[in-house]
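What follows is a single structure, written as structure tokens, with notes after it.
Everything numeric in this text was worked out from a predicted model, so none of it was measured. The basis for the numbers below is simple: all heavy atoms, side chains too, and nothing from hydrogens, waters or symmetry mates. Order of the sequence lines sets the chain letters (A, B, ...), proteins ahead of strands, with each chain counted from 1.
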2 protein chains.
Amino acid sequence: MTPFSDHPEFPGCQPNRDELRQRLATAGLRATTQRILILESLVVLPGHPTAEQVHRQVAATEPTVSLGTVYKTLDSFVAAGLTKRVASAEGACRRYDSDCSAHHHLYCTDTKEIIDYSNPELDALIRDFFATRGLGNFQPHSFSLHIAGSRTSS
Amino acid sequence: MTPFSDHPEFPGCQPNRDELRQRLATAGLRATTQRILILESLVVLPGHPTAEQVHRQVAATEPTVSLGTVYKTLDSFVAAGLTKRVASAEGACRRYDSDCSAHHHLYCTDTKEIIDYSNPELDALIRDFFATRGLGNFQPHSFSLHIAGSRTSS
DNA sequence: CTATCTGCAAAGGGTTTGCACGCTT
DNA sequence: AAGCGTGCAAACCCTTTGCAGATAG
């Protein structure tokens with residue numbers, strides 16, 4: 001059971017080798033076996049996998065791939081825009097906030113600052129949106145909007 | 001220059017010792033010197049300080065306070081609801097996402113799952129909100145809504 | 001007085017780095 | 001053939017843990 005279960009008859013039902021090669025080439029990255037496997041794992045794995053999970057997935061096919069390579073490769077993918085990194089409250093570099101009321105965050109991409117932002121109108125807007133629409137069997141408790149941007153010069 | 005620069009004439013211009021003691025007592029935590037200093041640091045420090053930054057601030061007054069204590073104390077504050085923890089993309093336990101398009105996240109507080117959520121109407125709603133209102137000299141590039149909640153049983 | 005909290009130091013987990021070898025282009 | 005990419009292992013950083021002594025209530 002190779003992860004490259006691409007069937008020519010059903011193109012696109014799984015990412016296939018050539019498609020992945022193409023994506024790497026477009027991003028300016030060499031198409032090595034490891035990178036193809038890692039890129040495929042990212043597409044195949046559900047949710048937002050950790051480096052560790054990607055490594056396990058890749059190792060199922062190619063056990064010699066090292067965890068260090070997975071880290072380096074994921075970094076290069078992020079730099080090339082092939083992948084995004086999503087924040088997680090678990091783990092290192094935690095930050096704390098004395099303000100326990102619900103509020104939103106402005107991330108300044110220039111200065112890396114995190115600024116609190118509160119706006120009751122915005123809260124109401126979002127709350128109403130989900131009140132009318134719903135999210136299937138998912139019941140939202142709280143909302144936090146992350147606004148990335150930068151300060152306009154002057 | 002003690003951080004306890006509380007002036008009885010200007011109550012509330014700085015958090016004062018007794019107020020902080022009270023907050024700790026209400027939360028069911030013993031009012032130790034360390035906890036008062038740490039709680040004060042959280043209020044005084046700008047942005048979202050790391051444990052390291054809190055430690056530096058506290059050590060300015062009481063150099064014997066250990067970093068380990070800061071970690072334990074912050075944990076107890078979070079458990080008691082005195083403080084929130086905010087996620088940061090920096091540091092450990094990174095997660096990756098092959099979907100590079102802008103989208104939102106559902107965090108299931110029960111299963112710790114992170115589920116992608118896209119809704120063009122929601123995007124438009126938020127974009128329009130800030131288009132009319134603005135954020136001073138802050139120019140938003142992208143928005144990401146973090147929706148915490150849980151699955152309804154059944 | 002007693003349970004809780006602190007300080008210390010060691011362990012732990014995740015991530016990064018340096019270098020020699022191998023592979024893509 | 002030339003240079004980028006890989007594997008390995010050590011180093012690194014942040015966080016957690018265990019335990020003896022100190023302290024608040």
What is the distance, to the nearest angstrom, from the [atom1] atom on [X] to the [atom2] atom on [N]?
X        : N       : atom1 : atom2 : answer
Arg56(A) : dG13(C) : CZ    : P     : 14 Å
Leu39(B) : dC5(C)  : CG    : C1'   : 16 Å
Glu52(A) : dT16(C) : CD    : P     : 14 Å
Leu24(B) : dG25(D) : CG    : P     : 9 Å
Leu67(B) : dC12(D) : CG    : P     : 18 Å
Glu62(B) : dG7(C)  : CD    : P     : 8 Å
Ile36(B) : dC5(C)  : CD1   : C1'   : 13 Å
Leu74(B) : dT16(D) : CG    : C1'   : 13 Å

- Item | Arg17(A) bridged to Glu40(A) by N-O distance under 4.0 Å |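 Answer for the salt bridge query: no.
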- Do Asp75(A) and Arg85(A) sit within salt-bridge range, that is, some charged N less than 4.0 Å from a carboxylate O?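 Yes, charged N to carboxylate O under 4.0 Å.
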- Between Lys72(B) and Ala31(A), name the one whose nearest nucleotide on DNA chain C is closer to the 5' end.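 Between the two, 5'-proximity favours Lys72(B).
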- Query: Are Thr73(B) and Ser76(B) close enough, and set up right, to give a side chain to side chain donor-acceptor pair (under 3.5 Å), and what steps lead you there?
  - Reply: CA-CA 5 Å; Thr73(B) 303; Ser76(B) 64; 5.1 Å; no
- Message: Among dT23(D), dT6(C), dG7(D), which nucleotide has an atom closest to any side-chain atom of Thr69(A)?
- Response: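 Per side-chain heavy atoms of Thr69(A), the pick is dG7(D).
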- Item | Proximity to the side chain of Arg30(A) - top-ranked nucleotide from dG14(C), dT25(C), dG7(D) |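 The nucleotide sitting nearest to the side chain is dT25(C).
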- Query: With a non-hydrogen cut-off below 4.0 angstrom, is Thr32(B) in contact with a base, only sugar-phosphate, or nothing?
  - Reply: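 Counting heavy atoms under 4.0 Å across all strands, the contact made by Thr32(B) is with sugar-phosphate only.
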- Touch check for Ser76(B), heavy atoms < 4.0 angstrom, all strands: base, sugar-phosphate only, or nothing?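 If one applies the 4.0 Å heavy-atom cut-off, Ser76(B) turns out to touch nothing in the nucleic acid.
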- Task: Begin with the C-alpha distance, continue with both residues' side-chain angles, and end with the deciding distance and a verdict on ring-ring contact (aromatic ring centres under 6.0 Å, His included) for Tyr117(B) and Phe138(A).
- Result: CA-CA 12 Å; Tyr117(B) 174 76; Phe138(A) 190 89; 9.2 Å; no
- Classify the side-chain pair His48(A)/Asp116(B) by whether it contains a donor and acceptor separated by less than 3.5 Å.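 Per modelled atom types, His48(A) and Asp116(B) side chains form a pair under 3.5 Å.
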- Task: Starting from the 5' end of DNA chain D, give me the residue, Gln34(A) or Gly68(B), whose nearest nucleotide shows up first.
- Result: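 Nearest nucleotide further toward 5': that of Gln34(A).
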- Think Arg35(B) has a side-chain N or O under 4.0 angstrom from the OP1 or OP2 of dC5(C)?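 Yes.
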